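For reference, the structure discussed in these notes is given below.
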Amino acid sequence: MDLQTHYETRRQLLWGALLIGVGLAFMLDRMGMFDFDELWHYWPLAIVVFGANRMLGFPTARHFVQGLWMVLFGLWLYAVFDRDFGLTLHNSWPVLFIFWGVRLVLEPLIATHVGPNKE
């Protein structure tokens, strides 16, 4: 199995597992067996999971850097919503520019050092 096929299979499995999990959470919430509002607090961590999935076994530098962007963005969102380290949307939005700059710098560096995987 080549890298691209493995990558696409893993992405499909992750999406399927997420849909099953969300569906079960909604169903259990409707049945009164689970409080979905408690789980809603952690939704930015889903972005982190998708980003990590995009980074693992990446076929191109672009996929890796996009995954890194998603991980950083998801962690930032979680910290803002949880008010960790005193972060709010008002005082921490410039972090997004830093993450964007990191992405722009890393993509060509990774592309030249990773090897033959091209888009």
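Keep in mind that what you see is a predicted model, and the values were worked out from it rather than measured.
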Kindly compute the distance separating NE2 (H63) from CG (N53), expressed to the nearest 0.5 Å. 11.0 Å
Give me the atom names and distance for the closest heavy-atom approach of G74 to P44. O-CB, 3.6 Å
Just wondering, do Y78 and W43 contact through their side chains at under 4.5 Å, heavy atoms? no
CD-CE distance between Q66 and M55, expressed to the nearest 0.5 angstrom: 12.0 Å
For the residue pair T112 and L109, what are the closest heavy atoms and their distance? OG1-O, 2.9 Å
Would you give the length of the straight line joining atom CD of E107 to atom CZ of R62, rounded to the nearest 0.5 angstrom? 4.5 Å
When every non-hydrogen atom of V80 is compared with those of S92, the smallest separation belongs to CG2-OG, 3.4 Å
F26 with M31, same ILVMFWY side-chain cluster at under 4.5 Å: yes
Tell me, do M33 and M27 make a side-chain contact under 4.5 Å, heavy atoms counted? no
Within the 4.5 Å heavy-atom criterion, are M70 and V48 side-chain neighbours or not? no
Which atom of L68 lies closest to which atom of L106, heavy atoms considered: CD2-CD1, 3.5 Å
Set of residues satisfying side-chain hydrogen bond (donor to acceptor under 3.5 Å, both in side chains) with respect to D84, sequence neighbours excluded: none
What is the distance from atom CG of L45 to atom CG of L77, rounded to the nearest 0.5 Å? 10.0 Å
Among L72, L75, L104, V71, exactly one meets side-chain contact (heavy atoms from CB on, under 4.5 Å) together with F99. Which residue is that? L72
Any donor-acceptor pair under 3.5 Å linking the side chain of D82 with the backbone of A79? no
Closest approach of A61 and I110, non-hydrogen atoms and distance? CB-CG2, 3.6 Å
Hey, could you give me the CH2/CD1 distance between W76 and I98, rounded to the nearest 0.5 Å? 11.5 Å
What do the steps show when you test L18 against F50 for side-chain contact (heavy atoms from CB on, under 4.5 Å), and what is the final call? CA-CA 10 Å; L18 179 73; F50 282 110; 3.1 Å; yes
side-chain contact (heavy atoms from CB on, under 4.5 Å) assessment of V95 paired with F73: CA-CA 9 Å; V95 169; F73 182 71; over 6 Å; no
Parallel, tilted or perpendicular: which one describes the rings of W93 and F97, with boundaries at 30° and 60°? perpendicular
